[in-house]
Novice: 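Sharing a structure here in structure tokens format.
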Amino acid sequence: MFVKICGIRESEHLATCIDVGADAVGFLMSPSPRQVSVATTARLVRQAADHILSVAVFADEPIDYVRDVIRDTKVRAVQLHGTYRREDFAALADSKVTVIRAVAGHDTEDLDCGSFGEDILIVDSRTPGAGEPWDVGALPVSPTGRWMLAGGLGPATVTEAVRSAKPWGVDVSSGVESSRGVKDSALIARFCELARAA
């Protein structure tokens with residue numbers, strides 16, 4: 001089970017993710033309570049080194065900005081939410097980073113990982129980032145390939161969600177926070193443990 005912890009802003013929480021064996025961490029580069037600066041992201045990416053996949057997360061930001069962040073932070077992956085087109089993904093083909101396409105599952109019938117040229121697909125709730133639980137079984141089509149489940153996950157819900165949806169991986173943000181935008185190391189550790197056990 002591939003586990004990604006998104007919305008990391010502090011060194012201590014990144015250290016927890018590394019210690020408990022999370023596979024990836026996300027740094028929000030678009031307006032959000034979890035947004036971090038390019039400089040902070042670059043510092044955290046250096047801390048992550050080769051221990052964990054560092055992901056810069058964007059929501060409808062220009063592709064030129066995405067490329068600038070890749071250059072300035074040395075992230076190993078980018079995650080694109082919103083109205084990005086196949087041409088946008090193609091424009092990142094030479095960037096040598098892992099590319100993740102994130103979608104609100106109920107808003108698209110294109111849930112085949114790789115159909116936009118991405119390496120990983122994230123299937124989220126109707127309102128990505130809101131932490132809303134939802135039923136994957138209600139999707140118009142089933143996701144295929146290397147896809148990650150997101151939306152409403154946390155230590156209390158991840159076991160049943162994984163057993164029901166059978167995703168390749170899981171992505172969590174608000175479900176491991178003590179308050180909005182503030183991560184909790186104990187919740188991160190528990191989430192990783194339960195996701196893998198499921």
Side-chain angles (χ1 to χ4, degrees), residues 1-48 51-61 65-66 69-70 72-82 84 97-105 120-134 147-158 161 167 169-195:
M1 176 63 55
F2 189 94
V3 178
K4 175 174 170 282
I5 310 295
C6 202
I8 294 295
R9 302 173 62 204
E10 305 289 343
S11 293
E12 66 177 289
H13 300 130
L14 174 55
T16 297
C17 292
I18 294 169
D19 290 345
V20 301
D23 299 286
V25 288
F27 308 113
L28 274 289
M29 309 307 300
S30 297
S32 160
R34 303 170 185 98
Q35 184 176 9
V36 288
S37 68
V38 171
T40 296
T41 300
R43 176 176 54 79
L44 293 171
V45 168
R46 288 193 296 274
Q47 180 183 344
H51 304 295
I52 195 166
L53 184 68
S54 53
V55 185
V57 180
F58 303 88
D60 286 323
E61 303 291 345
Y65 174 60
V66 174
V69 170
I70 293 171
D72 295 341
T73 66
K74 305 297 189 288
V75 288
R76 294 170 51 207
V78 295
Q79 178 176 320
L80 305 182
H81 286 260
Y84 291 103
V97 297
T98 297
V99 179
I100 303 169
R101 176 170 64 106
V103 299
I120 299 170
L121 173 69
I122 292 177
V123 182
D124 207 336
S125 66
R126 289 185 187 274
T127 310
E132 298 174 353
W134 61 289
W147 74 277
M148 301 176 67
L149 177 64
L153 297 180
T157 60
V158 68
V170 288
D171 183 20
V172 66
S173 186
S174 60
V176 291
E177 292 178 344
S178 56
S179 60
R180 188 160 174 78
V182 180
K183 292 292 181 282
D184 182 301
S185 289
L187 291 176
I188 291 170
R190 186 65 175 150
F191 181 87
C192 289
E193 177 189 358
L194 292 170

Novice: Is any side-chain heavy atom of Thr40 closer than 4.5 Å to one of Phe27?
Specialist: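 Answer no - side chains too far apart.
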Novice: Is it the case that the side chain of Gln47 and the backbone of Leu14 share a donor-acceptor pair, with hydrogens and angles ignored and the cut-off at 3.5 Å?
Specialist: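 No, because the side chain of Gln47 does not come within donor-acceptor range (under 3.5 Å) of the backbone of Leu14.
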Novice: Working to the nearest 0.5 Å, report the span between CD1 of Ile122 and SG of Cys6.
Specialist: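 Separation between the atoms: 7.0 Å.
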Novice: Measuring only between side-chain heavy atoms, which start at C-beta, is Leu153 closer than 4.5 Å to Asp171?
Specialist: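 No, side chains not in contact.
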Novice: I'd like to check Arg76 versus Ser54 (side-chain heavy atoms, cut-off strictly below 4.5 Å). Are they in contact?
Specialist: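 Result yes, sub-4.5 Å side-chain heavy-atom pair found.
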Novice: Drop me the distance from Ser173's OG to Lys4's NZ, to the nearest 0.5 angstrom.
Specialist: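 Reported to 0.5 Å precision, the distance equals 8.0 Å.
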Novice: How many angstroms lie between atom CZ of Arg9 and atom OG1 of Thr41, to the nearest 0.5 angstrom?
Specialist: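 Result: 10.5 Å between the selected atoms.
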Novice: Rounded to the nearest 0.5 Å, what's the gap from CD on Glu10 to OG1 on Thr16? Could you check?
Specialist: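 Reported to 0.5 Å precision, the distance equals 11.5 Å.
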Novice: Can you list the steps and then say if Val75 with Ile70 is a side-chain contact (heavy atoms from CB on, under 4.5 Å)?
Specialist: CA-CA 6 Å; Val75 288; Ile70 293 171; 4.3 Å; yes
Novice: Within a strict 4.5 Å, meaning less than it, do heavy atoms of the Ser30 and Asp60 side chains meet?
Specialist: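 The answer is no, as the side chains (C-beta and beyond) never meet within the 4.5 Å cut-off.
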Novice: Could you check whether any side-chain heavy atom of Ile5 comes within less than 4.5 Å of a side-chain heavy atom of Cys192, counting everything from C-beta outward?
Specialist: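 A side-chain contact under 4.5 Å exists here.
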Novice: Mind checking whether Glu61 and Tyr84 have side chains closer than 4.5 Å, heavy atoms only?
Specialist: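 Answer yes - side chains close enough.
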Novice: Is the shortest side-chain heavy-atom distance between Arg34 and Lys183 below 4.5 Å?
Specialist: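 Of all side-chain heavy-atom pairs linking Lys183 with Arg34, at least one is under 4.5 Å.
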Novice: Would you check if the side chain of Thr73 reaches a backbone N or O of Val45 as a donor-acceptor pair within less than 3.5 Å?
Specialist: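 No: the side chain of Thr73 does not pair with the backbone of Val45.
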Novice: In Å and rounded to the nearest 0.5 Å, what is the CD1 to CD distance from Ile188 to Glu12?
Specialist: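 Taking CD1 in Ile188 and CD in Glu12, the distance rounds to 9.0 Å.
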Novice: So, applying side chain to side chain contact (heavy atoms under 4.5 Å, CB included) with Met148, which one of Ile120, Leu121, Val170 is it?
Specialist: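 Considering Ile120, Leu121, Val170, a side chain to side chain contact (heavy atoms under 4.5 Å, CB included) with Met148 is found only for Ile120.
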Novice: Decide yes or no for Asp23 and Leu53: does some side-chain heavy atom of the first lie under 4.5 Å from some side-chain heavy atom of the second?
Specialist: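 No, side chains not in contact.
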Novice: Please report whether the ring centroid of Tyr65 lies less than 6.0 Å from that of Phe58.
Specialist: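 Yes; Tyr65 has its ring centre under 6.0 Å from that of Phe58.
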